[in-house]
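Both ligands and their constituent atoms are indexed starting at 1 by order of listing. Values below: all heavy atoms of this structure, side chains included; hydrogens, waters and symmetry mates excluded.
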Amino acid sequence: MYLTSYITKKESGLSEYLKTVIENSTKDHVNECDEMREIMQAYSKKREVSAQECVTRACGINMKKCSRGVIFVPTDDNALKMSRPMSYLENTTLESVNVWMTSLTDKYKSRPETPEFEQMCLADFAATCRIVYGQQKKGKDVLPLLNDMGFVQKRKNDKPAIIRFYRCSQEKYPEKFYGTLLKLYIPHRSDLELKRRHFPTYESFYKSGCVQLPGSDHPECVRHIVKRNKDKYEKNSEDIENAVEEFEQNRGVIDEWCNLAPESEVERLECIEELEAREPDHEHVQENVPEYSNQANAATEARAIREPPTFDPTLLRQMYQNLNQKQACVFYAVRDWCVKRVCGLNPEQFFFYVNGGAGTGKSHLIKCIYSEASKILCKLPSHSEEVDIANPTVLLTAFTGTAAFNISGSTLHSLLKLPRSLKPPFQGLGNQLDEVRSELLNAEILIIDEVSMVSKPLFAYVDARLKQIKGSTKPFGGMSVIAVGDFYQLPPVRQSKTLCVYEPCEIDLWQEHFQTITLTEIMRQKDDVAFAEMLNRIRVKGKSDELSQADRALLSQTITEPSLCPPDVLHIFATNKQVDSHNSVTLALLHSNITNIDADDYKKDPRTGRMARQAQPYKGNR
Ligand SMILES: Nc1ncnc2c1ncn2[C@@H]1O[C@H](COP(=O)(O)OP(=O)(O)OP(=O)(O)O)[C@@H](O)[C@H]1O
């Protein structure tokens, strides 16, 4: 699949893209040189060329060896024409019409008038003949073309060339579709022969027309002639077309890419979304992705890996000692694994999902695990010489910036340089791979906090990315994973699929690998057991389930007049407007001298891929 996709990569969108660039640059520039430069830049940025192809081209190495010639046959009514060279044009008069280079189709129409050439359709001509120049004109069986168009020679019988032509959809563009069939497979000397008086369209001529071929003594249906010639050149075209269509529709899930080619990730799509000025794909685009910056810039880009959290050893010891039974269970399981790893016992990868309601001590446990595991794993042989904090052994991450900040970690997007759109196919790291690989090569454990916000596509992407970075086909590239969170809390943005929903048709990393450990003891309100228990009941309550009288009474006790509410306690509001108003009032109470600073808003220019400062800040942006 990987190779097929690589060698059949499409460039179909490029023409449309260039058209837009040309239209825009015509509007923007008076100077043709600038216009040309802009088009060239757009072309070079948009064109998808892999690193391998670049090297091959730059070094002039043959990209492929082919025992057959491959000929492109232009069949469009308005096919692109190239002008003759300047040196030629300078010696012609203004009235001269002979200013265009002749195409293969022109040469076909001027083919020799021998019986053999008369019967040839354009496809035959392209596949079995070659235009010869210079000394080759003196070769065997070379014939002159009419109208001084050059010379032609039949190819050796066993080596007809492969013909390529633009195929268009029969449903969407019937006229072009039938025009192509007729031009390729009906012998002719002028396009008028293919669109005759009684047949206003190519389609009508194809379906009801008859022609008498040179050398034949009776007319024959156009359809039949087309079929006979087409069968010579398009033997399996329908099967191939159906297979391609099926492949496009049922592209494998993201993971398959990595399973097939984890090491040689050369996806060319890295810059597509940067340059595409299209509407975001709502299902796959991650909204509000914090710290996301696809405009990598050494000066402005925040480091992917934050400074690791450090704790006072005495405090840490106390934290370990005070872990409750379930917390301790996970903590020591991970600790044992780390010890085995350091001793060279190569323990199996583990995948834990630490679940539990609000305040059950999930983040607290993460901090303990992180500190202890980092301390032990830094003794791994590869780290013994110099422990570099930029090469962590445990990765602390979360989906949102806030959650990541709370645990002194990084967001998944920034750490793994994930693209904004998670739409398949998987986008590799391209030339950032080495840099990320060197940063994360020593990582052994990945911790993901607030996992309820991680969507299925994002999780699959993390898996794929780690496979790429680690160069391993094992799940998550061989790293052990601790996912922490509560699926009763925030779901993924934009109604993306959450991890805990099982779908049998997909490879489900979550169901397949993760072992759940549920923390039940509420640590945040441990001095108020009644309240903590009520919170647990509310956590699992359905929308239509009534609150019990006792719970209602307990909650009602806390109702108070807003004016009586102390200003310095946490306030929660239903709308942003109320939040803004409360913040403004509180801020004014704290500081008298307030200065407003307008934000500078930047927007990506789809043509250049660069961030351009907007004249006006966006309204309503926060
Ligand atoms: N074993 C423990 N000993 C003492 N305090 C603890 C322990 N576990 C957790 N805590 C404290 O309980 C409070 C809640 O813990 P924590 O924030 O880790 O819970 P959480 O499950 O992550 O909550 P949430 O889901 O709301 O983010 C914190 O103040 C934490 O320090």
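Under the side chain to side chain contact (heavy atoms under 4.5 Å, CB included) test applied with V394, the options L446, I376, L377 reduce to a single match, L377. Partner of L519 under the side chain to side chain contact (heavy atoms under 4.5 Å, CB included) criterion, chosen from H364, K326, Q325: K326.
Close approach of ligand 1 to G357 is summarised as follows: ligand atoms under 4.0 Å from at least one heavy atom of the residue are 21 (O).
With rounding to the nearest 0.5 Å, the separation of NZ in K474 from CD in E348 is 7.0 Å.
Looking at R524, K326, K362, it is K362 that brings a heavy atom closest to atom 25 (O) of ligand 1. Proximity annotation for atom 31 (O) of ligand 1: of Q318, H364, M319, H364 comes nearest, heavy atoms only.
Remark: ligand 1 and G361 share an N or O pair separated by less than 3.5 Å (distance only, no angle test). An N or O contact shorter than 3.5 Å is missing between E450 and ligand 1 by distance. At under 3.5 Å, a nitrogen or oxygen of G359, whether backbone or side chain, sits near a nitrogen or oxygen of ligand 1.
Of the protein's heavy atoms, none falls inside 4.0 Å of atom 29 (O) of ligand 1. Within a 4.0 Å radius of atom 7 (C) of ligand 1, the protein contributes at least one heavy atom.
Proximity of Q327 to ligand 1, defined as any heavy-atom pair under 4.0 Å, is confined to the side chain (atoms from C-beta onward).
A heavy-atom separation below 4.0 Å is not found between D486 and ligand 1.
Regarding atom 5 (N) of ligand 1, its nearest protein heavy-atom neighbour is K526 NZ, 4.0 Å. Of all protein heavy atoms, the one closest to atom 12 (O) of ligand 1 is M523 CB, 3.4 Å.
By the 4.0 Å N-to-carboxylate-O rule, D463 lies close enough to K467 to be salt-bridged with it. We find that R537 and D551 are joined by a salt bridge, their nearest charged nitrogen and carboxylate oxygen being less than 4.0 Å apart.
In this pair, Y353 and F487 present their aromatic rings tilted. The plane angle is within the 30 to 60° band. Ring geometry for F351 versus F476: interplanar angle of 30 to 60°, hence tilted.
A donor-acceptor contact closer than 3.5 angstrom is absent between the side chains of T393 and N442.
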